[in-house]
Structure formats: C-alpha cells, structure tokens
Protein chains: 2
Amino acid sequence: MARVKLQDVAKLAGVSVTTVSRVLNNRGYLSKQTINKVHQAMEELNYRPNAVARQLYKQRTDLVGLVFPTVNNPFFGQLEAELETRLYELGYRVVMGNSQNNPGKEEQYLQLLFNGQIDGLIVGAHNEGIEAYHNTNLPIVSIERIVSKQIPVVAADNYQGGCLATQRLLDAGCQHIIHTNYPATLATPNQERRRGYEELMTKYGREKLTYEISFDLPDDQKAAVFDRLFAEHPECDGIFADNDTNARLAINAAQKAGKRVPEDVKVIGYDGASSTRLLFPDLTTIQQPIPEMAQAAVDLLQKRLAGQAVESVTLPVKLIPGLTG
Amino acid sequence: MARVKLQDVAKLAGVSVTTVSRVLNNRGYLSKQTINKVHQAMEELNYRPNAVARQLYKQRTDLVGLVFPTVNNPFFGQLEAELETRLYELGYRVVMGNSQNNPGKEEQYLQLLFNGQIDGLIVGAHNEGIEAYHNTNLPIVSIERIVSKQIPVVAADNYQGGCLATQRLLDAGCQHIIHTNYPATLATPNQERRRGYEELMTKYGREKLTYEISFDLPDDQKAAVFDRLFAEHPECDGIFADNDTNARLAINAAQKAGKRVPEDVKVIGYDGASSTRLLFPDLTTIQQPIPEMAQAAVDLLQKRLAGQAVESVTLPVKLIPGLTG
DNA sequence: TACTTTGTGTCAACCGCATGACATACAAGA
DNA sequence: TCTTGTATGTCATGCGGTTGACACAAAGTA
C-alpha cells in the first residue's frame, strides 16, 4: 500500500494535480464544487500531504530544537514544558535534546540547524568551545548560558538573586555563609549570583567561600561535596545553594552532621520550580520566573527567525520565604 | 548566500555530482584522491547535506515523537529523559509533545506520523477516543496507557504495586485506608493498582474507598480534594496515593487537618522518580522501574519499526520504605 | 461588443539528494 | 589479447508537493 499522493487525489476527484494543490493551499480561483470534490476525494483516500516534501520546497520544517542538560530536573522540566506549550501555539514542534554527560551531543543538535532539519534552537546547555556558535545571525537563543557574543541570552537577574539570598542569611544572623556554584571557569550568568554573594559578604566583613559543584555530577558525588563541606567547616551556619536540589543535599548533609535546620544551619536554594515547590514547600528559595523566561526566549527566537536584531533580556527574581532559611 | 548544495561541491572539486554523492554515501569505486578532493571542497564550502531532501528520498526522518501529559513532572520528566538518551544512541532524535490541557494536541502529534514527519511514536497521554489509533501495525508504543488493542503497552506491575502499598498500610495497623486514582472510566493499567487495593481491602474485611482525581487538574484543585477527603473522613488513617505528588498533597492536607504523619495518618505514594526521591526522600512509595520501562518501550518500538510483531511488557515494582507510611 | 473576472487545465521547473543504467578509460592479470 | 576490476562521467528518474506561466472557456460587466 503505497502512500497516497496528490496525483491519486487528483485522479479520483477528476481534476488536475495543480487544482488539488490549489485547494490545499487555498490559492487562485476555485469553485465550491471542485473544492468539495477534492475534499471528498482526500477523505475517501485518507490523504495526508507529505510534510517532508513540503518542507523541502518551503525550506523550513517548523521544528525548533531545545538543548538543555536534562529534562529530568524540576527547573529544566518546567522550562521545557513552558517552551513547548508556547512554541506549539505558534505552529512549531519541538525537538528535545538532553546534553548532559555527552559533550558531543550539543554539537550534534546544532548540526540539525545547519542540516535544515530544524529552523531554530533554544539552548541552555553548557558545553564550551563549540565553534559553530560563532556565526552571526544564527536563529539561536540561549537561556541562562553565554554561548557566544552573537547569541542573545535570556536570564533571570542572578546578581539580584545572589544579593537577596545572602542578605536574608545575614539578616538572620548567620556568621559563616557558604555558597555553592558552578566552577568559575564556566561562562554563565549564574556567576552573577556568586558576585552578589561575594559583594555582600565583603561589605559585611565576612569571609566568603564558594564550593564549586559541577551540574553534571551524579547526585551521590554532589552529596559527598556537602559532607566534605560540613567536615571542613563545622562553623558553617548558612548555605546559599545555587539550586534547589543542592539545597536539599545540603540539608541532608547538615542533618547527617548533627546539625538542625534552620536552628543551626540555614539553607536557601535557587530556582523555585513548580514541582520543587510542591514536593518541598518548606524550602526557602530564590524563584526564577520560568514562564516569563520561556516567553521571552520564544519572543526572541521569533524575531531572530524573522531576521530582526535582538537584545538579551534579564528578568527579576523573587525570594520565597520558607522554613529552612 | 544561497545554501551550498551538492552541485557546488562537485564544481569546486572538479568532479560530477554523482561522484560527490558516492563519496557521501560510500558507494561504488572511489580513489583516495577524489575522496580527498571532495572532502576538501566540502570543508571549504562548509557543506552540510540537506537532511530534508535526504528524508524525502529515504522516506524516513529518524524522528520519534514522545507524547505525554507534561514533561514538568518527576515521573514523565525522568521517563522522557531516559527515552531520549536511548533513542539518541540509536540515531533517532525526539519530538516532544505535552498534551496536558489540550485535547487536540495528542491527535496533532499523531498526525505527524501520518504526515511522514516522524517515524514512530511513544505515547503516555490519555485522551480518549482517538480514532486514528485503531489502525494495525502503526509504529506506536504506549507506556502505562491503553490506547487501542493493536498498540503494545509497557507498564509496571500495577496490581503488584497496589497490593504492596495496601498490604504495608494494613500491616502497620491502618483501619481506614483511602486510595486515590484516575477516574475509573479511564482505560489505563493504573486501574490495576485500584484492583490490588480493593481486593486486599475486601480480603481483610475493610471498607474500600477511592477518591478520583484527574491527572490534569491544577494542583490547588487536587489539594482541595484532599481537604475534602479529610473533612468527609476524619477517621482516615491511611492513604495510598496514585502518585508521589498526590502523596505530598495528602500529607499537606492531613497536617492542615491537624493530623500527624505518620502517627495519625500513614501515606504511601507511587512512582519513586529520581527527583522525587531527591527532594522528598522520607516518602514511602512504590517505585516504578523507569529506566527499564524506557528501555522496553524503545525495544518494542524498534521491533515495530522493523515490522515485527510485539507483545506488551510488564515490569516489577518495588516498595521503598520511608517515614511517611 | 469588448473587456474583466472566475474557474480549471497543461506544462515545466524546482526544492536537494539518491540511484540505477550505461558508457568510457585505464590498469592488472590470465 | 581478452577479461576483470577500478575509477569516473553522463543522463534520467524519483521522492511528493509547490508554483509560475500560459491557455482557454464561461460568465459577468461596461
């Protein structure tokens, strides 16, 4: 059973292929009668226009790639869901790529763009030194990652977030606040959180200390970092974690070390994704405006696809008070 | 700057288009010299073969659709991440569709299959009455959902899960155990959990009661159901929730109603996804073997794509003891 | 009547690549 | 010398749909 094609429809309807195509694309002059005949024939044959053939001619696939470390994470999960919803409504379908633990993968997804297999790309992955990004006018938008000068970034106000969290811990009387973040070598707006933290610590005359935890580490190794943290710094009475799952690990480690949260150690997380809020509502955290970030990224991508110049966007964050810090 | 195509490469390399195609696809006889010439020309022009043109000829896109309610959920997030990882290694890219709160969407994604835009589909969405599923030999696999007789299902052993959870609550001395599940009208293997619960309750001479909670409900409305539950049944001392987020909501509602967990009410959840375990490690839950389920689904889909007949698969679940029940 | 609008057909080219058929040329081996 | 293998080229066709150019006829309008 070979695929039904335009020809078959045309033959059954007793019209020319061109006419069927006209009906399909609503071009030129058409009588109600032929329109009906054609529709009837399409129905009878259960005709579906071949999308790939159309894509070849149109030079667009209406597919957008999303490349993030992993969708199995409250923040990226929510972000990608929000992105998909919005892109769907604009007529785009979404190709999902999880680049975590596979350095080549991000570049592979980038190739889809050069292949013509996708029209645009939204990236939040953080593999460094991918040459192909350094091209002007690529229809790419990044979220919370700096990939190249030519690519606009959507970010929440990380500096503000760093200040909010640190200030709250200071106000609560914490003397020895430790921060966790990505390795400083990684170019991400995330580092601004660290800057906020460090500036405030300096201003208050406190010693600043950041433990670096790579995002791609397996959970048990991340947990080990926190165990080490409390072993090396038993005086620590405040933790500003760079994301909510790390905050959770910090709390686990603190309790394991015989400390009460928040009495002995206060912990503040980061992200405030919906499923984290649901599962761990007591966590004090800095919430990123995930729906707005998704919207901004989609807006930028649309403009980019239309060939317009765009600027990076920064959105405000919000402190959500909880019981942990 | 029009796209570089085969012709351009051929011209620069001083060979015929056919020869370039031969190099690209490694067909026929080729001298090292021409291979080098061609590669050099491709490099110089930064040539990328057009994927869509290839797809049109090959009649395949190496794209697989994933349609689930939402990726913004610990269970589906992990599942889709596992699926993507495995499919990627087989050379497939993944199109993600979140069908929650949009009944037409699932069918739209199904159309991609008939369009020729994707080669196969893995579905876990639960919109009912989609005609197009009732077609034989479609390259579709479903996970934890019954969509039609012809489509193989990958499921965890829900009956076993229902029994494990109920038995644990009974053993702990609970007298009034309430279960939550999807509406009974929804055809999903999920209903087997209910069967396990009900059979055991009957066997022990207890009254069985299931509160029906649609998955698509917003969280606050789900929470309201649990508030109602404790209002209507203050005697309730055990909850077997059909997923972990509902378990969390049950715990919240219980505490709001002045009950201690687990002293007054014991709560057991379902799913045991990795991020849930991380954020809420104290929750007692029935864990589904998500990686194995993903693997099974991919295996089935591969066979299906190869035109082989396949059988549904059921995998065992595991009780993870925690502090809540 | 002459002109315009409407409705449909034919034909060809194109989107970019793959491939089969066939021809040609040169080398090595029987 | 005749075959066989190696190395390319030309040509045409197909994948399925879109589009422009052009022709032609019928109906409406000036």
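To find a chain, count down the sequence lines: A is the first, B the second, and so on, and within it residues start at 1. Here the structure is a predicted model, which is why all the values come from computation and not from measurement. Computed over heavy atoms, backbone and side chain alike; hydrogens, waters and symmetry mates excluded.
Note that A/K5 lies outside the cation-pi zone of A/Y47, set by a 6.0 Å cut-off to the ring centre and a 45° limit from the axis.
The shortest side-chain heavy-atom distance between A/N50 and B/N115 does not fall under the 4.5 Å cut-off. Using a 4.5 Å heavy-atom threshold, the side chains of B/P291 and B/R86 count as touching.
Sequence order on DNA chain C of the closest nucleotides to B/Y57 and B/V52 puts B/V52 first from the 5' end.
Note on A/T19: a side-chain N or O is less than 4.0 Å away from OP1 or OP2 of C/dG9. For B/R54, no side-chain nitrogen or oxygen approaches OP1 or OP2 of C/dG16 to under 4.0 Å. OP1 or OP2 of D/dT6 has at least one side-chain nitrogen or oxygen of B/Y29 nearer than 4.0 Å. A close approach under 4.0 Å does not occur between any side-chain nitrogen or oxygen of B/S16 and OP1 or OP2 of D/dT8. Within the 4.0 Å cut-off from OP1 or OP2 of D/dG17, not a single side-chain nitrogen or oxygen of A/N50 is found. Here B/K58 does not reach the OP1 or OP2 of C/dA18: none of its side-chain N or O atoms lies under 4.0 Å away. For C/dG16, the OP1/OP2 oxygens have a side-chain nitrogen or oxygen of A/Q59 closer than 4.0 Å.
Summarising the geometry, the separation between CG on A/L24 and P on D/dG16 is reported as 15 Å, rounded to the nearest angstrom. Put simply, CG on A/L30 is 16 Å from C1' on D/dA26, counting in whole angstrom units. The nearest whole Å value for the distance from the CG atom in B/N25 to the P atom in C/dC17 is 11 Å. For the pair A/L6 CG and C/dC14 C1', the computed distance is 15 Å after rounding to whole Å. The distance from atom CZ of A/R27 to atom C1' of C/dG7 is 14 Å, rounded to the nearest whole Å. The distance from atom NZ of A/K5 to atom C1' of D/dG17 is 10 Å, rounded to the nearest whole Å. In this structure, the CE atom of B/M42 is 11 Å from the P atom of C/dC17, given to the nearest Å. As a whole-Å value, the separation of B/Q33 CD from C/dA25 P is 19 Å.
Taking the side chain of A/L56 as heavy atoms from C-beta on, and the options C/dC17, C/dC15, D/dG20, the nearest nucleotide is C/dC15. For B/S31, counting side-chain heavy atoms from C-beta on, the closest listed nucleotide (D/dA7, D/dG16, D/dG9) is D/dA7. Nearest to the side chain of A/T18, among C/dG20, D/dG20, D/dT18, sits D/dG20. The nucleotide whose nearest atom lies closest to any side-chain atom of B/T34 is, among D/dG17, D/dT8, C/dG9, D/dT8. Comparing C/dT19, C/dG9, D/dG17 against the side chain of A/R22 picks out C/dG9 as the nearest.
Between A/E84 and B/K105 there is a salt bridge, with a side-chain nitrogen of the basic residue lying less than 4.0 Å from a carboxylate oxygen of the acidic one.
Residue B/V17 is classed as having no contact, given no heavy-atom separation below 4.0 Å to the nucleic acid.
Using the six-membered ring where Trp is involved, B/F68 and B/F76 have ring planes that are tilted, between 30° and 60° apart.
Counting atom types as modelled, A/R48 pairs no side-chain N or O with a base atom of D/dG16 as donor and acceptor under 3.5 Å.
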For this session: Under the side-chain hydrogen bond (donor to acceptor under 3.5 Å, both in side chains) rule, what do A/T85 and B/N98 come out as? Steps first, then yes or no, please.
Result: CA-CA 7 Å; A/T85 302; B/N98 300 134; 5.3 Å; no
